[in-house]
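Next up is a structure, given as structure tokens.
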Amino acid sequence: MEDRITDIGPKHYEEFYPPVIKNNKAKWLYHEILKPGVLVHVSETGDEVYTVRAGGARLMSVGLIREICDIADKHCNGYFRFTTRNNIEFMVDKKDKVEPLIKDLESRKFPGGSYKFPVGGTGAGITNIVHTQGWIHCHTPATDASGPVKAAMDVLFDDFKNMRLPAHLRVSLACCLNMCGAVHCSDIAILGYHRKPPMVDSAYVDSMCEIPLAIAACPTAAIKPKKIDVDGQQKNSVEVNPNRCMFCGNCYTMCPALPLSDKEGDGIVIMAGGKVSNRISNPKFSKVVVAFLPNEAPRWPSTTATIKKMVDVYANDARKYERFGEWAERIGWERFFEKTGLEFTHHLIDDFRDPAYYTWRQTTNFKF
Ligand code: SF4
Ligand code: SF4
């Protein structure tokens with residue numbers, strides 16, 4: 001970093017380490033989860049770091065972040081960090097600082113009475129749900145992101161606070177199949193899904209879009225140019241072949257006159273059984289287990305009830321350390337559908353067989 005001649009980008013992350021982390025880099029011996037939400041890391045120098053994990057949200061107000069900073073100033077010399085699942089971790093260097101910190105976090109409530117900083121989300125339980133932009137920000141979502149995630153976390157809250165499950169259970173949401181979330185490899189995944197091809201607003205296509213760009217954007221070559229009569233005027237426009245369209249929304253990204261959102265067409269797909277970990281078995285892709293659920297803002301009752309049922313059956317039926325997909329594979333997917341009460345339909349049959357599917361290495365495990 002010496003003589004670096006730029007002010008672009010963030011400062012080097014090492015400037016933000018708490019002193020105890022900086023002093024013990026590469027010297028940590030082991031770590032333990034003392035109770036849900038509390039970890040200890042022990043160094044060969046004798047130093048210890050106690051971490052208290054509190055649930056956060058992907059979209060936070062400035063007011064909430066200021067409150068987090070105040071808590072860090074009060075208990076942790078101003079240091080805290082965010083996990084990749086948007087949890088907040090407060091770190092202290094003495095055991096006797098842990099309980100006052102937890103008490104302070106748990107005492108802070110929103111005006112409606114819910115916890116601002118619930119402590120939990122570690123080990124064999126459910127941690128915060130990662131999600132994408134949703135209706136608040138992106139242009140192609142088939143469902144909202146923060147809304148269903150809040151509703152799902154509300155029904156899964158007990159499993160955030162305790163560690164009763166056989167193993168980690170990771171839930172993710174991506175609001176369309178472009179998938180900025182990790183739905184391809186999560187134990188349970190909520191995926192926004194379009195079921196109708198884009199509408200063509202021919203009055204605006206030529207004036208708002210570069211038609212060749214919109215055509216080139218389609219991965220399945222479903223779009224071709226067409227002259228269309230609009231109020232007696234011949235307009236340059238496009239035609240979409242619905243049989244080729246896979247509802248990906250790429251054309252809408254390039255051309256706002258090809259909108260894809262549709263009240264009946266859009267909804268949620270539930271996937272299950274994915275994981276990234278190499279433990280016990282290779283990493284797995286998630287599989288579709290519910291082909292469609294409608295968007296039911298603001299509380300998404302069908303989606304949350306389905307997820308809760310899946311988690312409860314897994315919690316009671318899986319062996320210790322077995323991840324969701326390992327459990328389903330051991331008992332057989334047929335039994336999975338029987339036990340969870342989910343309906344098996346032809347939409348769930350995975351008929352995608354491309355050479356890449358079985359020739360590419362899909363795990364980080366070495367094979368010789
Ligand atoms: Fe936008 Fe799709 Fe990403 Fe959601 S998953 S933020 S809709 S691109
Ligand atoms: Fe092509 Fe995707 Fe647009 Fe369908 S939604 S026409 S597949 S780019």
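Note that ligands are numbered from 1 as they come in the structure, with each ligand's atoms numbered from 1 the same way. If you're wondering where the values come from, they're calculated on a predicted model, not measured in any experiment.
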Worksheet entry | For Phe337, all residues meeting ring-ring contact (aromatic ring centres under 6.0 Å, His included), sequence neighbours excluded | Phe344
Fill in: Numbering as shown, the atoms of ligand 1 that approach Met179 to under 4.0 Å (heavy-atom distance)
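The list of qualifying atoms is 5 (S).
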Discussion item. According to a hydrophobic-cluster definition based on side-chain heavy atoms being under 4.5 Å apart (Ile, Leu, Val, Met, Phe, Trp, Tyr only), do Val288 and Tyr314 belong together?
Written reply: yes
Practice prompt. Could you tell me whether atom 3 (Fe) of ligand 1 has an N, O or S atom of Cys180 under 2.8 Å away?
Written response: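 Yes, Cys180 qualifies, because one of its backbone or side-chain N, O or S atoms lies under 2.8 Å.
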Item to complete: Say whether Ile88 and Val40 are linked into one hydrophobic cluster, either directly or through other cluster members, by side-chain heavy-atom distances under 4.5 angstrom.
Response: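 Hydrophobic grouping puts Ile88 with Val40.
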Worksheet, complete the sentence: Excluding water, the protein N, O or S atoms sitting under 2.8 Å from atom 1 (Fe) of ligand 2 are Cys218 SG
Worksheet item: In terms of atom number and element, which parts of ligand 1 are under 4.0 angstrom from non-hydrogen atoms of Thr132?
Response: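 Numbered from 1, ligand 1 contributes 4 (Fe), 5 (S), 6 (S).
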Discussion item. Tell me the contacting part of Tyr252 for ligand 2: side chain, backbone, both, or neither, using a 4.0 Å heavy-atom threshold, strictly below.
Written reply: neither
Item to complete: Examine Tyr252 and Tyr204 and state if one hydrophobic cluster contains both, with Ile, Leu, Val, Met, Phe, Trp and Tyr joined whenever side-chain heavy atoms are less than 4.5 Å apart.
Response: no
Worksheet item: Considering only the protein, which heavy-atom contact is closest to atom 6 (S) of ligand 1, and what is its distance?
Response: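 Checked against all protein heavy atoms, atom 6 (S) of ligand 1 sits closest to Gln133 CG, 3.0 Å.
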Fill in: Residue Pro141 vicinity, atoms of ligand 1 by number, heavy atom under 4.0 Å
7 (S)
Fill in: Numbered atoms of ligand 1 (with element) below 4.0 Å of Thr140, judged on heavy atoms
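Close to Thr140: 1 (Fe), 2 (Fe), 7 (S), 8 (S).
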Worksheet item: Roughly how far apart are Thr304 OG1 and Glu296 CD, rounded to 0.5 Å?
Response: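 Rounded to the nearest 0.5 Å, the OG1-CD separation comes to 8.0 Å.
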Worksheet item: Can we say Asp312 and Arg164 salt-bridge, meaning some charged N sits less than 4.0 Å from an Asp/Glu carboxylate O?
Response: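 Answer for the salt bridge query: yes.
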Worksheet item: Starting from atom 2 (Fe) of ligand 1, which protein heavy atom do you reach first, and at what distance in Å?
Response: Cys176 SG, 2.3 Å
Worksheet item: Cys pair Cys176/Cys248: SG distance under 2.5 Å?
Response: no
Worksheet item: Would you call Lys27 and Glu44 a salt bridge, using N to O less than 4.0 angstrom?
Response: no
Discussion item. Could you identify the single nearest non-hydrogen protein atom to atom 1 (Fe) of ligand 1 and state the distance to 0.1 Å?
Written reply: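 For atom 1 (Fe) of ligand 1, the nearest protein heavy atom is Cys138 SG, 2.2 Å.
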Worksheet item: If you group Ile, Leu, Val, Met, Phe, Trp and Tyr by side-chain heavy-atom gaps below 4.5 Å, do Phe247 and Ile268 land in one group?
Response: yes
Worksheet item: Which residue holds the protein heavy atom closest to atom 4 (Fe) of ligand 1, what is that atom called, and what is the gap in Å?
Response: Cys175 SG, 2.2 Å
Item to complete: Flag the pair Asp350 and Lys287 as a salt bridge only when some basic side-chain nitrogen lies within less than 4.0 angstrom of an acidic carboxylate oxygen.
Response: no
Item to complete: Could you tell me whether Lys161 sits above the aromatic face of Tyr115, with NZ or CZ closer than 6.0 angstrom to the six-membered ring centre and within 45 degrees of the axis?
Response: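 So Lys161 does make the cation-pi contact.
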